[in-house]
Amino acid sequence: MEQAVLDLTAAGIRLTGVLSTRDVDRARVARDFGGFVRHLPRAVLRPGSAQDVAAVVGHCHRAGLTVVARGAGHSVDGQTQTRDGLVVDMETLSTVRRVGADRVSVDTGARWSTVVVATLARGLVPPVLPDYLELTVGGTLSVGGIGGTSHRYGCQADNVLDLDVVTPDGDLVTCSPGRDRDLFDAVRGGQGRHGIVTRATLALVAAPRQVRRHQLTYTDLATFLADANRLAEQGRFDHLVGLARPGAGRDWVFGLDVAYDVDPGGLPDDRAFLGDLAYDCEHEPARTLPYGGFLGRYASIETHLRAVGSWQHDLHPRCTVLLPGRHAVSVIGAVLGGLTPADLGVGGSVLVYPIPTARLVAPNVPKAQDDPVTVVFGLQRTAAQGDAATLARMRRDNAALRAAAVRVGGGGYAYGGDDDPVALRC
């Protein structure tokens with residue numbers, strides 16, 4: 001079987017990229033950001049073209065080998081790994097091909113930070129961006145892609161115009177809402193099970209020149225979610241994300257990180273946006289800042305965590321679920337009631353923000369069932385390298401949270417399941 005995957009010459013396959021079996025290359029892709037799942041592949045493909053991907057996937061299909069695509073490797077549960085199969089390292093396909101008046105064509109190994117640089121030069125931006133811009137286009141489209149503008153535009157997978165996809169049997173196909181719609185729907189949010197997306201055409205909208213940012217503080221979960229739900233439905237703010245952090249004792253403090261576009265030199269009327277909200281006080285003074293600077297607002301967090309070694313060396317057993325709005329207070333309150341700062345770890349955080357369910361259209365992206373509001377609840381946790389007991393406890397808690405979300409009509413986000421590995425079955 002090993003010869004079947006490695007002897008491409010005998011199969012008449014010529015690559016513009018590289019198929020590597022070097023230990024150093026295999027070891028590099030045997031770990032992801034989570035850090036606690038390690039699967040060593042048989043080989044790593046660093047493609048020079050989509051045709052390389054198609055040829056090797058077709059070869060693996062005939063050989064009966066598993067294939068997974070890997071972008072920036074920011075998954076946390078081993079979704080971009082395979083034991084004894086093939087990993088396709090998509091970061092060699094990272095070209096931003098063409099920026100048009102309302103769309104951009106981009107290879108899916110490109111990071112969103114690269115896409116943004118190209119589109120902002122034309123005064124344009126994708127409607128939905130992740131908070132962390134160093135994820136790849138293909139990686140977020142494969143899970144859906146949620147961001148601070150999802151309350152207006154849905155997920156990133158809802159803002160795709162067409163895709164180039166390598167199917168499990170090695171065909172390279174272009175699909176869209178009007179062409180091979182079944183494949184188009186299957187791969188958006190499909191976590192790589194139905195094909196490897198090699199190129200995407202993304203919708204673009206006009207980018208603001210500057211924004212007015214408020215960080216509002218709440219001490220009551222129900223009040224916080226009531227305001228957040230109302231703002232999400234109204235679309236009053238252009239950007240809306242909720243956060244939670246430990247307060248005094250066992251209490252929690254909740255924050256709304258909101259922003260709206262303002263004209264340069266204009267005088268913003270904050271009262272029109274904030275006057276009827278029940279926040280306790282503003283955690284930080286409101287600021288008007290350039291849009292590009294706003295998009296990079298979390299870069300300093302990564303810089304700090306890398307400086308202390310946590311980003312690259314610690315374990316990150318993260319978990320995000322999508323909850324029906326009517327159950328959000330009870331589920332989130334129960335989870336937070338049992339958490340302490342130590343249960344989050346170094347650089348840990350909690351995300352809590354609503355999206356109108358009707359905005360989430362791509363059929364494979366999870367959402368709340370029979371509820372007008374889907375609430376994103378994410379525990380971004382860290383365990384020290386070597387602390388097996390803490391890691392095991394966090395993973396048990398994550399599994400319990402996913403089970404609770406399913407029981408109330410929600411689901412897990414970007415998680416394939418321990419017995420359901422996220423891989424292209426060839």
**Q** Please give me the minimum heavy-atom distance between V57 and T167, naming the atom from each residue.
**A** CG1-O, 3.5 Å

**Q** State, with a plain yes or no, whether a side-chain heavy atom of T390 is found less than 4.5 Å away from one of M394.
**A** yes

**Q** How long is the gap from CG on L391 to CG on D314, to the nearest 0.5 Å?
**A** 11.0 Å

**Q** Does the side chain of D158 come within less than 4.5 Å of V128's, by heavy atoms?
**A** no

**Q** Side-chain contact test, heavy atoms from C-beta onward, threshold under 4.5 Å: evaluate it for V346 versus L305 and give yes or no.
**A** yes

**Q** Side chains of E134 and S113: is there a donor and an acceptor less than 3.5 Å apart?
**A** yes

**Q** Testing the basics here: between A362 and A157, what is the closest heavy-atom pair and its distance to 0.1 Å?
**A** CB-CB, 4.1 Å

**Q** Quick test of your reading of the model: are R28 and D89 salt-bridged, counting only N-O distances below 4.0 Å?
**A** yes

**Q** Are any side-chain N or O atoms of D32 and backbone N or O atoms of G35, one a donor and one an acceptor, separated by less than 3.5 Å?
**A** yes

**Q** When you compare the side chains of Y153 and N159, does any donor N or O come within less than 3.5 Å of an acceptor on the partner?
**A** no

**Q** Looking at E91 and T136, what are the two nearest heavy atoms and their distance?
**A** OE2-CG2, 4.3 Å

**Q** Would you call V88 and V56 a side-chain contact if the rule is heavy atoms closer than 4.5 Å?
**A** no

**Q** With a 3.5 Å distance limit and no angle check, can you tell me whether T374 reaches the backbone of T357 through a side-chain donor-acceptor pair?
**A** no

**Q** Could you check whether any side-chain heavy atom of V211 comes within less than 4.5 Å of a side-chain heavy atom of Y291, counting everything from C-beta outward?
**A** yes

**Q** Are side-chain heavy atoms of H151 and P356 found at a separation under 4.5 Å?
**A** yes

**Q** Could you go step by step and tell me if T80 and S75 meet the side chain to side chain donor-acceptor pair (under 3.5 Å) rule?
**A** CA-CA 7 Å; T80 59; S75 60; 3.3 Å; yes

**Q** Spell out, as yes or no, whether a donor-acceptor pair under 3.5 Å connects the side chain of Y413 to the backbone of G145.
**A** yes

**Q** May I ask you to check if R297 and F294 form a cation-pi contact, with NZ or CZ under 6.0 angstrom from the six-membered ring centre and within 45° of the axis?
**A** yes

**Q** Counting neighbours of CZ on R306 that are heavy atoms of other residues, nucleotides or ligands and sit closer than 6.0 Å, is the number greater than 12?
**A** yes

**Q** Using a 3.5 Å distance criterion without hydrogens, assess whether the side chain of D185 forms a donor-acceptor pair with backbone atoms of P363.
**A** no

**Q** Just checking, any donor-acceptor pair under 3.5 angstrom between side chains of T16 and D52?
**A** yes

**Q** Set out, in order, the CA-CA distance, both residues' side-chain angles and the distance that settles side chain to side chain contact (heavy atoms under 4.5 Å, CB included) for V160 and T201, then state yes or no.
**A** CA-CA 6 Å; V160 177; T201 301; 6.0 Å; no

**Q** Does R393 CZ have over 12 foreign heavy atoms under 6.0 Å away?
**A** yes

**Q** For R381 and D343: C-alpha separation, side-chain torsions, deciding distance, then whether salt bridge (Lys or Arg N to Asp or Glu O under 4.0 Å) applies.
**A** CA-CA 7 Å; R381 302 202 274 196; D343 294 318; 5.6 Å; no

**Q** Please assess S94 against R111 for the test side chain to side chain donor-acceptor pair (under 3.5 Å), listing each intermediate value before the final yes or no.
**A** CA-CA 7 Å; S94 58; R111 300 187 182 222; over 6 Å; no

**Q** Taking Q191's backbone N and O only, do any of them form a donor-acceptor pair with Q79's side chain (distance below 3.5 Å, no angle check)?
**A** no

**Q** Side chains of S150 and R359: any donor to acceptor distance under 3.5 Å?
**A** no

**Q** Run the salt bridge (Lys or Arg N to Asp or Glu O under 4.0 Å) test on R209 and D261 for me, step by step, so that the C-alpha distance in whole Å, both residues' side-chain angles and the decisive distance to 0.1 Å come before the verdict.
**A** CA-CA 8 Å; R209 293 177 60 185; D261 303 348; over 6 Å; no

**Q** Step through it carefully: locate the ring centre of F273, locate the ring centre of H214, and say whether they are under 6.0 Å apart.
**A** no

**Q** Assess whether a salt bridge exists between R42 and D84, defined as any Lys/Arg side-chain N lying under 4.0 Å from an Asp/Glu carboxylate O.
**A** yes

**Q** Less than 3.5 Å apart, any donor N or O on the side chain of D280 or T219 sitting next to an acceptor on the other?
**A** yes

**Q** Less than 4.0 angstrom from a charged side-chain N to a carboxylate O is my criterion; do R97 and D107 meet it?
**A** yes

**Q** Is it true that a side-chain atom of R122 and a backbone atom of V99 form a donor plus acceptor pair closer than 3.5 Å?
**A** yes

**Q** Test salt bridge (Lys or Arg N to Asp or Glu O under 4.0 Å) on D276 and R230; report intermediate values, then the result.
**A** CA-CA 11 Å; D276 60 344; R230 183 157 53 93; 2.8 Å; yes

**Q** Is D162 salt-bridged to R179, going by a charged N under 4.0 Å from an acidic O?
**A** no

**Q** Checking T198 against D164: is there a side-chain donor and acceptor pair closer than 3.5 Å?
**A** no

**Q** Would you name the heavy atoms of P126 and T119 that are closest together and state the gap between them?
**A** CD-OG1, 3.9 Å

